[in-house]
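Comments concern the structure below.
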Amino acid sequence: MSNNGLLKSSLAKKYMMALTGLFLCLFLVGHLLGNLQLFITGPEGAETFNLYAKFMTTNPLIKVLSYLTYASVLFHAIDGLVLTIQNRKARPVKYVVEKGSANSSWSSRNMALLGTILLVFIVTHMQHFWYVMHFGEVGHVLIGGESIKDLHTVVVDFFNPSFN
Ligand code: HEM
């Protein structure tokens, strides 16, 4: 098989699905750890989170990782769709007896459905926070004499509007 053929093969697509999926899982661990700072109470909690948000949106290395995350989300979704269509075309006639539950979990058999639900969540989630942080109107706070975006209030207001 030529190099070109190998890259287009379903095997290469599956490897890319695995790699981008693993990268997204790692992103999620980092994202969770960063967001746990929201549990720090009082004004220092708000300050810590806002400094963290500023770092995450301005540091050049994090920017590269962010673009890699966006690319992985898109690639994983599109590659998954292409693979599903390819698989269906490769086997147009259904098995007479199909008992997937004998050797696979419900979630592994329903990745396409679960992935689509996650994609809808990610799009609405980015609209609520990422879009507001990058392009929306966000209040500013003074930290160390510097005026920075107050993403803490945006997040706290979203989850608990009566808190502030
Ligand atoms: C309660 C849980 C969560 C909170 C409080 C939260 C909060 C946030 C905030 C504040 C941002 C904007 C950061 C910025 O632009 O600087 C963001 C971005 C993002 N979130 Fe979440 N998030 C949560 C759960 C999740 C989950 C479960 C996923 C994925 C399944 C996710 C995926 C993303 C992605 C892909 C971005 C864009 C990242 C980037 O620009 O590099 N988040 N989130």
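As the structure is a prediction and not an experimental result, all values here were calculated from the model. Both ligands and their constituent atoms are indexed starting at 1 by order of listing.
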How far is [atom] from its nearest protein heavy atom, and which residue and atom name does that atom have?
atom	result
atom 41 (O) of ligand 1	Ser66 OG, 2.8 Å
atom 5 (C) of ligand 1	Phe159 CE1, 3.6 Å
atom 12 (C) of ligand 1	Phe129 CB, 3.8 Å
atom 29 (C) of ligand 1	Leu28 CD1, 3.4 Å
atom 37 (C) of ligand 1	Met126 CE, 3.8 Å
atom 15 (O) of ligand 1	His134 NE2, 3.5 Å
atom 39 (C) of ligand 1	Tyr70 OH, 3.4 Å

Subject >> Distance in Å, Leu83 CG paired with Met111 CE, rounded so as to fall on 0.5 Å steps >> reply: 12.5 Å
Subject >> Distance in Å, Leu114 CG paired with Trp106 CH2, rounded so as to fall on 0.5 Å steps >> reply: 5.0 Å
Per [atom], closest listed option by heavy atom ([options]):
atom	options	answer
atom 32 (C) of ligand 1	Phe27, Tyr67, Phe121	Phe27
atom 30 (C) of ligand 1	Val123, Asn35, Leu118	Leu118
atom 20 (N) of ligand 1	Met56, His125, Lys149	His125
atom 13 (C) of ligand 1	Ile122, Ile62, Leu151, Thr69	Leu151

Subject >> Ring geometry between Phe129 and Phe158 (parallel below 30°, tilted from 30 to 60°, perpendicular above 60°) >> reply: perpendicular
**OP:** Using the six-membered ring wherever Trp is involved, compare the ring planes of Tyr67 and Tyr70 and label them parallel, tilted or perpendicular (cut-offs 30° and 60°).
**Re:** perpendicular
**OP:** Verify whether one side chain among Thr153 and Asp150 offers a donor that lies under 3.5 Å from an acceptor in the other.
**Re:** yes
**OP:** Would you check if the side chain of Thr48 reaches a backbone N or O of Glu44 as a donor-acceptor pair within less than 3.5 Å?
**Re:** yes
Original post:
Is there a heavy atom of His31 sitting under 4.0 angstrom from any atom of ligand 1?
Top reply: yes
Original post:
Are any of the N or O atoms of Thr57 closer than 3.5 Å to those of ligand 1?
Top reply: no
